[in-house]
> 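Here it is, the structure, as structure tokens.
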Amino acid sequence: MNNEVLVKMEELALVRFGEGERESVLAELSDVMDCLDCVRQADVSGAEPMIYVQTKENVFREDEVHEFPKIDDILTNAPDELEHQFVAPPTFD
């Protein structure tokens with residue numbers, strides 16, 4: 001990792017680092033690249049490619065049809081309603 005690569009990354013990410021930040025950013029990026037090198041060196045020759053991490057094929061429940069409650073029954077719980085909708089106090093002024 002060098003200053004030229006950092007300048008190119010700044011252009012692509014549309015950010016600018018101050019002179020005081022450059023050294024610490026370069027050091028952190030070098031640490032990240034060292035970690036990636038460790039991952040690249042891992043022996044994966046016997047590993048099968050994976051599509052999903054989970055081994056289960058279907059983790060979803062069966063669809064069950066339920067009758068939805070009527071709007072009038074739902075609005076009986078509303079402290080205030082207007083045109084078949086709940087009325088709530090404003091969140092922002």
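Fair warning: this is a prediction, and the values are worked out from it, not measured in the lab.
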> Does Asp37 have any side-chain hydrogen bond (donor to acceptor under 3.5 Å, both in side chains) partners at least two apart in sequence or in another chain, and if so, which?
Arg40

> Out of curiosity, does Leu26 fall in the hydrophobic cluster containing Leu12 (side-chain heavy atoms, cut-off under 4.5 Å, transitive links)?
no

> Sequence neighbours excluded and cut-off under 3.5 Å, please list the side-chain donor-acceptor pairs for residues 43-50, or say none.
residue, atom, partner, partner atom, Å
Asp43, OD1, Ser45, N, 3.2
Asp43, OD1, Ser45, OG, 2.9

> May I have the list of side-chain donor-acceptor pairs in residues 71-82 shorter than 3.5 Å, sequence neighbours left out?
residue, atom, partner, partner atom, Å
Asp72, OD1, His84, NE2, 3.4
Thr76, OG1, Asp73, O, 2.5
Glu81, OE1, His84, N, 3.3

> Examine Val15 and Val32 and state if one hydrophobic cluster contains both, with Ile, Leu, Val, Met, Phe, Trp and Tyr joined whenever side-chain heavy atoms are less than 4.5 Å apart.
yes

> Please collect all salt bridge (Lys or Arg N to Asp or Glu O under 4.0 Å) contacts where either partner lies in residues 4-17, sequence neighbours excluded, each pair once.
Glu10-Arg22

> Mind checking whether Val7 and Phe17 sit in one hydrophobic cluster, side chains of I, L, V, M, F, W, Y counted as touching below 4.5 Å?
no

> Holding to salt bridge (charged side-chain N to carboxylate O under 4.0 Å, His left out), I want the full list of residues that pass it with Glu67, two or more places apart in sequence or in another chain.
Lys70

> Under the side chain to side chain contact (heavy atoms under 4.5 Å, CB included) rule, collect the residues that match up with Val5, sequence neighbours excluded.
Met1, Asn2, Met9

> Rounded to the nearest 0.5 Å, what separation is found between the CG atom of Asp31 and the CG atom of Leu36?
11.0 Å

